Amino acid sequence: MSAQRPSWNEYFMRITNDVAERAICVKRKVGAAIVKDNHILSTGYNGAPKGFSHCTEDTCIRKQMSVPSGQRHELCRGLHAEQNAIIQAAVQGVKIEGATLYCTYQPCVICVKMMINAGIKKLVYAGGYPDDLAAEMLKESNIEVVKL
């Protein structure tokens with residue numbers, strides 16, 4: 001008896017969950033993958049910039065200031081998984097226009113704006129994130145949104 005193959009969305013979301021395991025954020029582990037024509041172009045996870053020390057309970061500004069999720073994104077040492085996936089593609093010279101971005105959570109408004117300008121055409125995500133402006137901008141954009 002053969003096992004049923006996962007759909008492409010299930011397959012890439014499983015990989016995105018694995019990518020999230022590399023995250024160094026103390027509040028939430030997030031992973032992202034940018035895919036085009038069923039090929040992974042780039043991945044990213046959330047955490048401090050390259051060469052910086054990892055985030056810890058002692059260095060987390062958001063925890064120290066009790067900043068609620070979905071607010072004051074600038075008060076963080078780290079980059080989001082989606083940002084790192086887009087940046088990694090740029091560093092490697094990989095064109096992501098027309099691609100799908102898979103993410104373990106709904107992107108924040110900053111990431112949504114980056115996705116729009118990068119030409120991402122589809123977003124597939126699993127978990128929710130309390131950012132109403134991001135949800136509004138996704139509705140206004142031409143990005144197809146799929147919540148698994």
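Residues take their numbers from the sequence shown, with the count starting at 1. Just so you know, these numbers come straight off a predicted model, no measurement behind them.
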| With the 4.5 Å side-chain cut-off for hydrophobic clustering, are Ile34 and Met114 part of the same group? | yes
| note | Here the gap from Met65 atom CE to Leu75 atom CG, rounded to the nearest 0.5 Å, amounts to 5.0 Å
| Same apolar cluster (I L V M F W Y, side chains within < 4.5 Å links), Ile110/Leu79 | no
| message | For the OG1 atom of Thr100 and the CD1 atom of Ile40, what is their distance to the nearest 0.5 Å? | response | 12.0 Å
| field | Lys27: salt bridge (Lys or Arg N to Asp or Glu O under 4.0 Å) partners, not counting sequence neighbours | value | none
| task | Give a yes or no on whether Val35 and Ile143 share a hydrophobic cluster (residues Ile, Leu, Val, Met, Phe, Trp, Tyr; joining criterion: side-chain heavy atoms under 4.5 Å apart). | result | no
| query | Atom CG of Leu101 and atom NZ of Lys122: how far apart are they, to the nearest 0.5 Å? | reply | 12.0 Å
| For Glu140, does the CD atom have more than 12 heavy-atom neighbours from other residues, nucleotides or ligands under 6.0 Å away? | no
| ILVMFWY network linking Ile15 to Tyr102, side-chain heavy atoms under 4.5 angstrom | yes
| request: Taking all heavy atoms of Cys103 and all of Glu82, pick out the closest pair and write down the distance. | output: SG-OE2, 3.4 Å
| task | Measure the spacing between CD of Gln106 and NZ of Lys147 and express it to the nearest 0.5 Å. | result | 9.0 Å
| note | Met115 and Pro107 have their tightest heavy-atom pair at SD-CG, 3.8 Å
Identify each donor-acceptor pair in which a side-chain atom of residues 44-62 lies under 3.5 Å from a protein atom, sequence neighbours left out, and give them as a table.
unit_1, atom_1, unit_2, atom_2, d
Tyr45, OH, Arg22, NH2, 3.4
Asn46, OD1, Val30, N, 2.9
Asn46, ND2, Arg28, O, 2.7
Thr56, OG1, Asp58, N, 3.2
Thr56, OG1, Thr59, N, 3.1
Thr56, OG1, Thr59, OG1, 3.3
Glu57, OE1, Lys63, NZ, 3.3
Thr59, OG1, Thr56, N, 2.9
Thr59, OG1, Thr56, O, 3.4
Arg62, NH1, Gln71, O, 3.0
Arg62, NH1, Arg72, O, 2.8
Arg62, NH2, Pro68, O, 3.0
Arg62, NH2, Gln71, O, 2.9

| When clusters are formed by joining ILVMFWY residues with side-chain heavy atoms under 4.5 Å apart, either directly or through shared neighbours, do Val19 and Leu148 land in the same one? | yes
Pairs of donor and acceptor atoms involving the side chains of residues 130-139, under 3.5 Å and at least two apart or interchain, shall be tabulated with distances.
unit_1, atom_1, unit_2, atom_2, d
Asp131, OD1, Leu133, N, 3.3
Asp131, OD1, Ala134, N, 3.1
Asp131, OD2, His73, NE2, 3.1
Asp131, OD2, Val109, N, 3.0

| query | Minimum heavy-atom separation for Ser42 to Ala89, with atom names? | reply | OG-N, 3.5 Å
| remark: Nearest heavy-atom approach of Pro6 to Arg14 is CG-NH1, 3.7 Å
| query | Any idea which heavy atoms bring Tyr105 and Gly128 closest together, and the distance? | reply | CD2-O, 3.4 Å
| In Å and rounded to the nearest 0.5 Å, what is the OG to NZ distance from Ser141 to Lys113? | 13.5 Å
| message | If you define the side chain from C-beta out and look only at heavy atoms, does anything of Ser69 sit under 4.5 Å from Tyr129? | response | yes
| task | Could you tell me which non-hydrogen atom of Ala99 sits nearest to which non-hydrogen atom of Leu41, and how far apart they are? | result | CB-CD1, 4.3 Å
| field | CG/Asn142: more than 12 non-hydrogen atoms of other groups inside 6.0 Å | value | no
| task | Using atom types as modelled and distance alone, determine if a side-chain donor or acceptor of Thr104 lies under 3.5 Å from a backbone N or O of Asn17. | result | no
| Quick one: does Tyr125's side chain get under 4.5 Å of Val145's, heavy atoms only? | yes
| Between CZ on residue Phe12 and OG1 on residue Thr43, distance to nearest 0.5 Å | 12.5 Å
